[in-house]
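As structure tokens, the structure follows; a few thoughts come after it.
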Amino acid sequence: MKVVDGYYGTRHPSTTARYDAPPPLRRGPVLVTAAFAALGGALIPAASLAALWRVWQFYAMLFGLFAAVEFVAFVAVLGWPTRKTARAGAFVAAASLALWVASRPLGLLRRFDPWQPADTVVGFTDYAAAALQVIAVFGFLVVARRRAHPRPSTARRVSAWIVLFPVLLLVLATGAAGTVAAGDNVSGTTASTLLDGSTVEYCRPDGVPLLMDLTRPRPDARGAPVALFLHGGGLVSGNRKPAGPGALLAGSRLAPLRDALTARGFAVASIDYRLAPAARWPAPLADARCAVRFLKANATALNVDPARIAAVGTGTGGTLASLLGVAGEPDSAVRAVAALDAPAEFAFTGQDPLTRASILLALGRDPATLRAASPLAYAGTGAPPFLLEGGRKSAELADHLRTAGIPVTTGGDPAGFLAATLRS
């Protein structure tokens with residue numbers, strides 16, 4: 001029997017027995033894509049933490065904790081890529097996904113929707129974050145379970161990167177766009193006296209604070225007529241701002257309209273409203289009506305005339321403005337409507353695939369909902385004067401309103417039309 005180190009029948013331990021740590025994984029395209037998907041899914045809610053903190057500190061701390069843990073997991077997976085860190089990354093991403101499922105599809109967080117602050121520019125930003133988490137979970141699990149190839153060939157590595165590189169680019173673009181959209185509304189209400197450029201909260205439906213930017217012609221203006229501006233964006237994107245990602249998505253004409261209106265003595269109130277699919281119809285119309293009620297109730301403090309409120313909007317914001325006119329309620333009635341490039345009817349028949357998809361995302365398939373969101377479906381009796389400039393079925397809406405005895409102007413200067421209609 002061989003004598004080793006003074007003992008019979010013993011031998012030196014092998015290298016494998018001496019070091020029982022799992023072998024590191026290669027930073028291949030699946031691992032890298034999963035890691036950046038997890039990072040993007042964490043950054044999107046993190047970008048809205050400031051806005052969320054002003055509404056509900058508990059959810060802000062919870063989202064911040066999840067984002068911090070997922071960032072640590074991202075660093076660990078790429079810094080020490082092993083099956084153990086990959087499984088940990090999958091667990092963290094799955095936990096973040098479970099939080100979204102509990103709050104959004106299941107609706108278990110009924111008192112307040114913590115994802116709403118992230119959806120103020122694009123109504124499906126939280127869905128993008130959830131999709132990234134799904135990619136992260138799937139990718140991490142694939143890496144953790146598949147058989148390792150210690151030395152894959154160069155052709156194998158190159159082909160894997162070629163196949164998955166478009167997916168990685170899509171993940172990076174989605175994460176970046178979602179983070180920018182979620183963070184575009186981080187500025188809160190100002191402690192102002194409602195002077196030019198002030199931002200105020202005008203409504204809080206279901207615990208969601210909705211903001212209004214108010215611009216008046218002069219700080220000392222008294223009893224000025226006011227134009228309520230409703231942005232476009234297909235009811236799924238855009239915000240109240242004249243510049244930035246929200247304005248870009250909405251194709252906003254706010255800045256020139258605001259300048260033209262204030263030059264004619266108008267105050268301009270531009271609002272955010274809830275977006276689909278985070279908020280379903282009739283949430284946007286309810287928010288627009290709430291804004292009119294806010295202006296009337298606070299007319300003295302705002303130095304505006306509650307009897308001279310007009311609604312002006314571009315794109316689907318113009319559709320909402322038209323609905324304030326043809327489907328108005330007594331406490332949210334307006335004196336004039338200017339609808340620019342606004343669709344007057346929502347229907348799937350005869351539409352291109354992109355338009356059908358946008359209608360489906362914003363309103364769904366229910367024919368009753370499509371009719372309720374279409375100004376052309378209302379009788380129009382008792383509506384205020386209208387200015388219509390472009391938009392699907394706008395000519396039919398003009399004829400429909402004229403038949404009901406409503407003054408309608410097609411094309412022209414919106415500011416001049418509103419000034420002539422609302423002159424004292």
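Just so you know, these numbers use all the heavy atoms, side chains as well, and skip hydrogens, waters and symmetry mates. Each residue takes its place number in the sequence, starting with 1.
No hydrogens or angles considered: a donor-acceptor pair under 3.5 Å links the side chains of S96 and E70. Side chains of T314 and D341: no donor on one and acceptor on the other come within 3.5 Å.
Residues L214 and L302 form a side-chain contact, since some pair of their non-hydrogen atoms from C-beta on lies under 4.5 Å apart. For the pair L370 and I359, the minimum side-chain heavy-atom distance is below 4.5 Å. Residues P277 and L361 are in side-chain contact: their nearest non-hydrogen atoms beyond the backbone lie under 4.5 Å apart. Side-chain contact between R83 and V143 is absent, with no heavy-atom pair separated by less than 4.5 Å. Between D272 and K241, the closest side-chain pair of non-hydrogen atoms is not below 4.5 Å. Side-chain contact check for R308 versus V226: every heavy-atom pair is 4.5 Å or farther apart. Side-chain atoms of L210 and P205, non-hydrogen and from C-beta on, do get closer than 4.5 Å to each other. Residues L360 and R365 meet the side-chain proximity criterion, which asks for heavy atoms closer than 4.5 Å.
Taking the six-membered ring where the residue is Trp, F36 and F74 present perpendicular rings, their angle passing 60° and hence far from 30°.
In this structure, E201 and F294 approach most closely via the heavy-atom pair O-CE1, 3.7 Å. Nearest heavy-atom pair, T316 versus G234, reported as atom, atom and distance to 0.1 Å: OG1-N, 3.0 Å. Nearest approach of W281 to P284, heavy atoms of both residues: CE3-CD, 4.0 Å. Nearest heavy atoms, Y378 versus H400: O-NE2, 2.5 Å. Closest approach of R289 to L324, counting heavy atoms only: CG-CD2, 3.6 Å. Nearest heavy-atom pair across P384 and V337 is CG-CG2, 4.1 Å.
Between F63 and W115, a ring centre-to-centre spacing shorter than 6.0 Å is recorded.
Rounding to the nearest 0.5 angstrom, the gap separating the CG atom in L285 from the OG atom in S322 is 11.0 Å. Atom OG1 of residue T199 and atom CE of residue M212 lie 10.5 Å apart, to the nearest 0.5 angstrom. Between the NZ atom in K393 and the OG1 atom in T319 there is a gap of 13.0 Å [rounded to 0.5 Å]. The line from CG of D126 to OG of S103 is 7.5 Å long, rounded to the nearest 0.5 Å. Note that the CD atom of Q351 and the CZ atom of F346 stand 10.0 Å from one another [nearest 0.5 Å]. The OG atom of S48 lies 11.0 Å from the CG atom of L43; values are rounded to the nearest 0.5 Å.
One finds a salt bridge joining R104 and D119 here, because a Lys/Arg side-chain nitrogen approaches an Asp/Glu carboxylate oxygen to under 4.0 Å.
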Run the numbers on D331 and K296 for side chain to side chain contact (heavy atoms under 4.5 Å, CB included), then give the verdict.
CA-CA 9 Å; D331 60 348; K296 291 183 176 182; 6.0 Å; no

Could you please spell out the steps behind the side chain to side chain contact (heavy atoms under 4.5 Å, CB included) verdict for T82 and R87?
CA-CA 9 Å; T82 65; R87 284 193 292 267; over 6 Å; no

So L340 and L257, side chain to side chain contact (heavy atoms under 4.5 Å, CB included) or not? Walk me through it.
CA-CA 11 Å; L340 314 177; L257 277 172; 3.9 Å; yes

Between E389 and R253, is a salt bridge (Lys or Arg N to Asp or Glu O under 4.0 Å) present by the stated rule, with each step listed?
CA-CA 13 Å; E389 182 185 288; R253 294 165 59 180; 3.3 Å; yes

Between D413 and R264, does a salt bridge (Lys or Arg N to Asp or Glu O under 4.0 Å) hold up when you go through it step by step?
CA-CA 12 Å; D413 176 24; R264 292 177 178 269; 3.4 Å; yes

Is there a side chain to side chain contact (heavy atoms under 4.5 Å, CB included) between V171 and T33 once you walk through the steps?
CA-CA 7 Å; V171 164; T33 300; 4.0 Å; yes

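The side-chain contact (heavy atoms from CB on, under 4.5 Å) test with L132 singles out one residue from V137, L170, T174, and that residue is T174.
Between the side chain of D213 and the backbone N or O of S270 there is no donor-acceptor pair closer than 3.5 Å. R27 contributes a side-chain N or O that, together with a main-chain N or O of G79, makes up a donor-acceptor pair within less than 3.5 Å. Side-chain atoms of Y273 never come within 3.5 Å of backbone atoms of A286 as a donor-acceptor pair (strictly under, hydrogens ignored). Using modelled atom types, one side-chain atom of T85 and one backbone atom of W80 make a donor-acceptor pair closer than 3.5 Å.
More than 12 heavy atoms of other shown residues, nucleotides or ligands fall within 6.0 angstrom of atom OH in Y127. Within 6.0 Å of CH2 in W161 there are more than 12 heavy atoms belonging to other residues, nucleotides or ligands. Heavy-atom neighbours of F348 CZ from other residues, nucleotides or ligands within 6.0 Å: above the threshold of 12.
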